[in-house]
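Below is one structure, written out as structure tokens, with a few remarks after it.
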Amino acid sequence: MIQTELLITMYIVCAGFASAGLLGSFVQLWKTEPVGFSINYDSFINGLVGVFVCIFAGPFIIMRNTLRGRRIEGRPLGWVIMASGIASLWSFCTGLVIMHFALSIRTSIFLA
């Protein structure tokens, strides 16, 4: 039988991947170019937004670049597995922040 903690962990990882994909796709649509780890430091606000995007869209960027590298450059399967593990751990961290934020909002709305 699957443990409850494992299901919660998988749910948080999926929430992190989904939010990273949503944010990454939105930024790609807005900038009309692929989102990446480059940050524009023209102003303080641009730098802050760039850091925010890199933090929360990181798993999306890693997986997109990994799958493109595998398809176009023929990178080895071990590279894909390693990058997927890194993206999953990163997604867990961002998913945990997002879940904590969502539960805090829910608590503040229903208890107010």
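What's counted below: heavy atoms across the whole structure, side chains too, no hydrogens, waters or symmetry copies. Every value quoted in this text rests on a predicted model; they were computed, and no experiment measured them.
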Qualifying residue for side chain to side chain contact (heavy atoms under 4.5 Å, CB included) with Asn46, from Val51, Asn40, Ile39: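 Result: among Val51, Asn40, Ile39, Asn40 is the only option passing the side chain to side chain contact (heavy atoms under 4.5 Å, CB included) with Asn46.
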
Crowding at CZ, Phe37 (>12 non-hydrogen neighbours, <6.0 Å):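 Above 12, so yes.
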
Over 12 foreign heavy atoms within 6.0 Å of CE, Met82: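 Enclosed.
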
Locate the shortest heavy-atom distance separating [X] from [Y]; write the atom from each residue and the value.
| X | Y | result |
| --- | --- | --- |
| Cys54 | Gly36 | SG-O, 3.9 Å |
| Pro34 | Gln28 | CA-CG, 3.6 Å |
| Ala20 | Pro59 | CB-CD, 4.0 Å |

How long is the span from the [atom1] atom in [X] to the [atom2] atom in [Y], to the nearest 0.5 Å?
| X | Y | atom1 | atom2 | answer |
| --- | --- | --- | --- | --- |
| Ile81 | Ser88 | CD1 | OG | 11.5 Å |
| Leu67 | Met63 | CG | CE | 4.5 Å |
| Leu96 | Ile8 | CG | CD1 | 11.0 Å |
| Ile61 | Ser38 | CD1 | OG | 8.5 Å |
| Ile98 | Phe56 | CD1 | CZ | 5.5 Å |

Parallel, tilted or perpendicular, as decided by the 30° and 60° cut-offs, for the rings of Trp30 and Phe26: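 Parallel.
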
Side-chain heavy atoms under 4.5 angstrom apart, residues restricted to Ile, Leu, Val, Met, Phe, Trp, Tyr: same cluster for [X] and [Y]?
| X | Y | value |
| --- | --- | --- |
| Phe17 | Met99 | yes |
| Phe101 | Leu48 | no |
| Phe52 | Leu29 | no |
| Met10 | Ile12 | no |
| Val13 | Ile86 | no |

Is a side-chain donor or acceptor of [X] paired with a backbone partner of [Y] at a separation under 3.5 angstrom?
| X | Y | result |
| --- | --- | --- |
| Arg75 | Arg68 | no |
| Ser108 | Ile105 | yes |
| Thr66 | Ala83 | no |
| Trp90 | Ile62 | no |

Close side-chain approach of Phe60 to Ser25, heavy-atom, < 4.5 Å: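 Yes, at least one pair of side-chain atoms sits under 4.5 Å.
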
Leu23 side chain reached by Ser19 side chain, heavy atoms, under 4.5 Å: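 Of all side-chain heavy-atom pairs linking Leu23 with Ser19, none is under 4.5 Å.
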
Evaluation steps, side-chain contact (heavy atoms from CB on, under 4.5 Å), between Ile109 and Arg106: CA-CA 5 Å; Ile109 288 173; Arg106 191 195 89 184; 5.9 Å; no

